[in-house]
Amino acid sequence: MTPLIRAENLGKTFGASGGWFGGASDQVRAVDGVTFDVEAGETLALVGESGCGKSTLGRLLLRLIDPTDGTVRFEGQDVTRLSSAEMRLMRQRMQIIFQDPFGSLSPRRTIGQIIGEPLEIFGLARGRQARRDRVAQLLDQVGLPPAYMDRLPRQFSGGQRQRVGIARAIAVNPAFIVADEPVSALDVSIQAQIINLMQDLQRDAGFSYLFIAHDLAVVRHIADRVAVMYLGRIVEVGPKRLIYDAPQHPYTQALLSAAPEPEVDTISRRIILRGDVPSPSNIPPGCSFHTRCPIAQEICRQDRPPLAQVAPGQLAACHFARPNPIPVADAA
Ligand code: SF4
Ligand code: MG
């Protein structure tokens, strides 16, 4: 079966080579040859520390930015080759929820106008009354009173604004939503509510999420599969159970050992790893994690490990990853 999305050798380099400011060090390889699928109806969590390329990867999938190399297929169609007119139609199928619900909503427009805009653009509700009716329905779906549609974003709390951002994203019946750290800016007590809402909406509508987060605790409940990113590359990907119970990459293991138990009240605690993430303008050779890896050997400094299968559906990019002994039936 064709996956909903297939990214192949997808890469993004920011900054021109030999540009005004000189040499290759101006270049930042934000996403470095990433290959993965998103299946219809699933939630793929994309996890990694700040600056590892998660948001850039999300934007590449939606073609909000153009890749430097590689392709993105959406339902089999290469979106990197679509004209802007074709891309506009495609936008209805792919939506984004931003981290900062306040920054992503225009302050002078009412909630009704904000949610109604995509309905108008895609001709999904013709006429003012039809649009208001649909907005009322959407507000109800995200747990806000329909009467709020004439209010302005500043009259809402952070959690309520994120509900508006979600209503706007689902208004056009998308097949795919990139949720870029949708709960990171919210109070811990609100995070679980928003995640539950996102899950309920997905259950009803059947769309897929790429759910971007900087730690593994946040995505524990919502993910079907987890991809771990480090310095622009996916270093491990697999079914949730295997990633949490039997991670094979030392970076995933470090993230998990630093992550708190999945209690709601500890969900926002920070991951602490030794050393700093190297600059993406100067990615270490070989395994890019070798400068921080507790078990690095000489080969790690020389040869880049491929992303290789360690269990059905689980892949890890480490020279010392071993076949995962957990039986598949238990891991489902
Ligand atoms: Fe560590 Fe080497 Fe594995 Fe990289 S390849 S994660 S440096 S052991
Ligand atoms: Mg980001």
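Whatever order the structure lists them in is the order used to number ligands and atoms, beginning at 1.
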Please check if any side-chain donor atom of Gln199 sits under 3.5 Å from a side-chain acceptor atom of His221, or the reverse. no
So which protein heavy atom does atom 5 (S) of ligand 1 come closest to, and at what separation? His319 N, 3.3 Å
Which residue holds the protein heavy atom closest to atom 8 (S) of ligand 1, what is that atom called, and what is the gap in Å?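 It is Phe320 CD1, 3.4 Å.
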Of the backbone and side-chain N, O or S atoms of Ser55, does one lie nearer to the Mg ion (ligand 2) than 2.8 Å?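 Ser55 does place an N, O or S atom closer than 2.8 Å to the Mg ion (ligand 2).
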Quick one: which ligand 1 atoms are inside 4.0 Å of a heavy atom on [X]?
X      : value
Ile295 : 8 (S)
Cys318 : 3 (Fe), 5 (S), 6 (S), 8 (S)
His249 : 6 (S)

Look at the aromatic rings of Phe289 and Tyr230 and report parallel, tilted or perpendicular, splitting at 30° and 60°.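 Perpendicular: the ring planes of Phe289 and Tyr230 meet at over 60°.
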Looking only at non-hydrogen atoms, which of Cys300, Cys293, Cys287, Pro284 approaches atom 4 (Fe) of ligand 1 most closely?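 Checking each option, the heavy atom nearest atom 4 (Fe) of ligand 1 is found in Cys287.
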Can you tell whether the side chains of Glu42 and Arg225 come within less than 4.0 Å, N to carboxylate O?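 Salt bridge present between Glu42 and Arg225.
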Arg59 bridged to Asp66 by N-O distance under 4.0 Å: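 Not counted as a salt bridge, because no side-chain N and carboxylate O are separated by less than 4.0 Å.
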Please say yes or no: joined through hydrophobic side-chain contacts below 4.5 Å, possibly via intermediate residues, are Leu152 and Ile111 part of one cluster? no
One residue to check: Gln297. Relative to ligand 1, which of side chain, backbone, both or neither has a non-hydrogen atom less than 4.0 Å away?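 Near ligand 1, Gln297 shows nothing, with every heavy atom at 4.0 Å or more.
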Is the Tyr148 to Phe156 ring centre distance short of 6.0 Å? yes
